[in-house]
Amino acid sequence: MNDTHAYKWLPQIASPEDIRNLSVAELKEVAAEIRHLIAVTCSRNGGHMGSSLGAVELIMALHHQFDTPNDRLLFDVGHQTYAHKILTGRYDRFASIRTHDGLDPFLKRYESEYDCYGAGHASTSISAALGMAKARDILGQNHRVVAITGDGAMTGGICYEALNNAGELGADMLVVLNDNEMSISQNVGAIHHYFNRIITHAFYNDAKNKGEGLIQRSNLGKKVINLAHKVEEHIKGLLVPGMFFEELGFRYIGPIDGHNFETLLPTLKNVRTFKGPVLLHVVTQKGRGFDYSEKEPTIYHGPKNFVIETGEFKKSSKPVPPTYTDVFGKTLVELAKDDPRMVVITPAMSVGSGLTGFQEQYPERFFDCGIAEEHAVIFGAGLAADGLRPFVSVYSTFMQRSFDCILHDVALQNLPVRLALDRGGLVGADGPTHHGVFDFAYLRISPNMVIMAPKDEQELRRMIRTAQLYDDGPIAFRYPRDYGQGVDISEPAEPLPIGKAERLRSGEDACIWAIGRMVPEAIKAAEALAEEGIEVEVINARFVKPLDLEMLADCATRHSLIYTYEDHAKAGGFGSAVNEALVDLGVKKQAIMFAIPDQWVAHGDVPKLWRELGMSAEDLARRIQEDVAMAQRLPQQVKLSAGQK
């Protein structure tokens, strides 16, 4: 395999219509080409490889048997959708996925008519599909609606709320459960294939419905029908592991082999004619098609650059500092050694959050609760209520789902839950569904919340230590998806005084209050300005809440120009907190806020995104230079004006 691989089929496929007349043998050739393209692209750009490799035949079969885009296919999360993008007119742009101005890594309604619903956070597809199914019925339309969800997404409670509602409403819709964690075992053998072929065949279901109608018209009536239903349920209970879904009102089919076109195509052909809610259980293999991704599906779920032939990861030619995520995980292990009350909770992100070391070292104090962020926070509240020190580790963008739980279950009860928010700020290639740019706003409205953000990896260690020892209520800290600054992290992690900022640089011309990853950028801006003869004071705020009011008042007294600098949405963020504090202090001046504007930010390289948003270190330095020049001209203009009078 190599980058100059010539594809026979893919250049000919402009839409799903182009695969609907292909033979099974030809479909297998297309599937092999799709897999190669996915792997080659992910080896260069990174991306969600494992799930997408596992869903190739399933997605091809769905587009083959359903009239897309008229029929609606809704995907959960979007991790599994690369084949969908390739088949729906995006083959020629697929090499650009996750790159600046390239294809979006997830599904977006603006990108294609085949992306009927956005997919970024888990467990949403069934609810949205039910909404589309009922909209279709109300509008008198007749297209089909299919939700493709995963076994991981099914650990989220939203799925069961949706299934319960769909079953109650009797909605005409299909839910495809793509189960890529279970190997294809004996229960997907010949007998099971035969049974499913019978219960999905049109003749079987037509005969069943006509038989029920005949019995209803007879004197025996409901008693015979109820007996027949009980017999059918007992038979299914022996052969089909899906009685849970049947009890919710769904007709359960499966499990079937999700890589076998000979099984997938006739099953989908029959299932698409069913009325009412149907759940099709499909078993797939994550990472299918490459030995290394099949053997290590977790590692190749979202790999970075690697060699396509071997799967070996490409190493940087020069040493790089550890990531903030790695520092977080290792510091937890270090601190937990002497603190048996420390426990860690994560919603299905043990690897992504750097927690595998803690999991191995302290398995009895580690809890992976699945994609259930709300439960994770409340579970932490329960642990804290009875004396433990829980760290709830969640990506910033996913913590949004726990907003009410943070307020109602943690903050209102003033419980010492430690909220660790990875991926704070812009995250780059994953785009707007994953940018963690709202956490300051949704956390700081709580009356008793403490919020921190570190300038470097050693300060992160100190914040973790601070959180460990803080028992006066909830405390949160956020850190970026990035490498550290390369500072020494061998020193002990000493706790920080709550609400105390740090002056990093003195200067009389202006003052920058920076937070988190923007502190090093503020130093860059100040150093560039110093070369132009402008001296700028730089404050590392450390805390979004509580702010260091004493230092802020001092800066406001000495400086006419104050700037705030953050990798967060401007509305409700750190700058807003500073300006609110200045008002409370009675200071008749406002800070100039450098933050993310009121817009959704696309995917791409983070420094490029900062430049596009006008919030890079260069942009900040340019603005300060202009403002200082204007402030220096203003007294001269006043003197000239007075002389003219």
Side-chain angles (χ1 to χ4, degrees), residues 3 38 40-49 78-79 82 85 90 93-108 110-111 120 301-306 313-326 352 395-397 421-439 453 455-457 478-486 514-525 528 565-570 594-622:
D3 292 354
I38 290 172
V40 167
T41 304
C42 289
S43 73
R44 297 169 177 165
N45 302 354
H48 293 104
M49 176 172 145
H79 290 167
Y82 286 4
K85 285 180 178 273
R90 288 170 274 188
R93 293 181 290 152
F94 189 72
S96 73
I97 197 166
R98 292 173 58 84
T99 63
H100 207 81
D101 295 326
L103 279 184
D104 195 285
F106 298 99
L107 300 189
K108 294 291 184 294
Y110 66 78
E111 190 175 278
H301 167 73
K304 294 184 178 179
N305 294 357
F306 63 93
F313 289 97
K314 299 175 182 177
K315 297 180 180 178
S316 174
S317 58
K318 48 186 179 180
V320 295
T323 65
Y324 285 91
T325 300
D326 289 339
Y395 293 1
S396 170
T397 184
L421 282 68
D422 199 340
R423 274 64 167 171
L426 297 179
V427 295
D430 282 341
T433 56
H434 285 59
H435 291 320
V437 297
F438 305 109
D439 45 24
K455 72 177 188 297
D456 58 40
E457 56 269 46
R478 61 107 90 158
Y479 48 96
R481 180 188 188 180
D482 208 348
Y483 291 104
Q485 298 296 311
I515 187 75
R517 75 195 298 188
M518 306 316 285
V519 174
E521 299 299 309
I523 293 293
K524 288 180 188 177
Y565 199 19
E566 63 190 302
D567 188 22
H568 184 279
K570 183 179 290 186
F594 266 67
I596 295 169
D598 189 21
Q599 66 184 71
W600 295 108
V601 181
H603 63 284
D605 180 68
V606 171
K608 287 182 180 178
L609 293 175
W610 283 341
R611 288 194 291 273
E612 288 183 358
L613 296 167
M615 52 177 290
S616 67
E618 294 78 11
D619 293 313
L620 177 59
R622 189 179 308 113

- Message: Let's go through Phe594 and Asp619 carefully: what are the C-alpha distance in whole Å and the side-chain angles of both, what is the deciding distance for side-chain contact (heavy atoms from CB on, under 4.5 Å) to 0.1 Å, and is it a yes or a no?
- Response: CA-CA 9 Å; Phe594 266 67; Asp619 293 313; 4.3 Å; yes
- Item | Working for side-chain contact (heavy atoms from CB on, under 4.5 Å), residues Tyr565 and Leu620 | CA-CA 9 Å; Tyr565 199 19; Leu620 177 59; 3.5 Å; yes
Is the distance from the ring center of [X] to that of [Y] below 6.0 Å?
X: Phe94; Y: Tyr82; answer: yes
X: Phe438; Y: Trp600; answer: yes
X: Phe106; Y: His48; answer: yes

Nearest 0.5 angstrom please: [X] [atom1] to [Y] [atom2], how far?
X: Arg423; Y: Ser396; atom1: CZ; atom2: OG; value: 11.0 Å
X: Lys524; Y: Ser616; atom1: NZ; atom2: OG; value: 9.5 Å
X: Arg98; Y: Asp605; atom1: CZ; atom2: CG; value: 12.0 Å
X: Glu566; Y: Arg517; atom1: CD; atom2: CZ; value: 12.5 Å
X: His435; Y: Ile596; atom1: NE2; atom2: CD1; value: 7.5 Å
X: Thr397; Y: Asp439; atom1: OG1; atom2: CG; value: 9.5 Å

With side chains defined as the heavy atoms from C-beta onward, is the minimum distance between [X] and [Y] less than 4.5 Å?
X: Pro432; Y: Val601; answer: no
X: Lys108; Y: Thr433; answer: yes
X: Gln485; Y: Glu457; answer: yes
X: Lys455; Y: Met518; answer: no
X: Leu103; Y: Arg90; answer: yes

For [X] and [Y], which heavy atoms make the closest approach, and how far apart are they?
X: Tyr395; Y: Gly352; value: OH-CA, 3.2 Å
X: Pro303; Y: Met49; value: CD-CB, 3.8 Å
X: Ala595; Y: Ala569; value: CB-C, 4.3 Å
X: Leu609; Y: Leu426; value: CB-CD1, 4.0 Å
X: Leu613; Y: Pro597; value: CD2-CD, 3.8 Å
X: Pro105; Y: Ala429; value: CG-O, 3.0 Å

- Applying ring pair (Phe, Tyr, Trp, His ring centres under 6.0 Å), run through His603 and His100 and close with a yes or a no. CA-CA 6 Å; His603 63 284; His100 207 81; 7.8 Å; no
- So which of Asp326, Asp422, Asp567, Asp430 actually passes salt bridge (Lys or Arg N to Asp or Glu O under 4.0 Å) with Arg481? Asp430
- Apply side chain to side chain contact (heavy atoms under 4.5 Å, CB included) to Asn305 and list each qualifying residue two or more places apart in sequence or on a separate chain.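 Expected list: Lys314.
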- Message: I'd like to know if Lys85 pairs up with Glu111 as an ion pair, taking the criterion as any Lys NZ or Arg NE/NH1/NH2 lying under 4.0 Å from an Asp or Glu carboxylate oxygen.
- Response: yes
- Evaluation steps, side-chain contact (heavy atoms from CB on, under 4.5 Å), between Asp104 and Tyr110: CA-CA 10 Å; Asp104 195 285; Tyr110 66 78; 3.5 Å; yes
- Query: Hey, is the main chain of Ile38 close enough, under 3.5 Å, to the side chain of Thr41 for a donor-acceptor pair?
  - Reply: no
- Message: Glu618 vs Trp610, test: side-chain contact (heavy atoms from CB on, under 4.5 Å). Steps then yes/no.
- Response: CA-CA 10 Å; Glu618 294 78 11; Trp610 283 341; over 6 Å; no
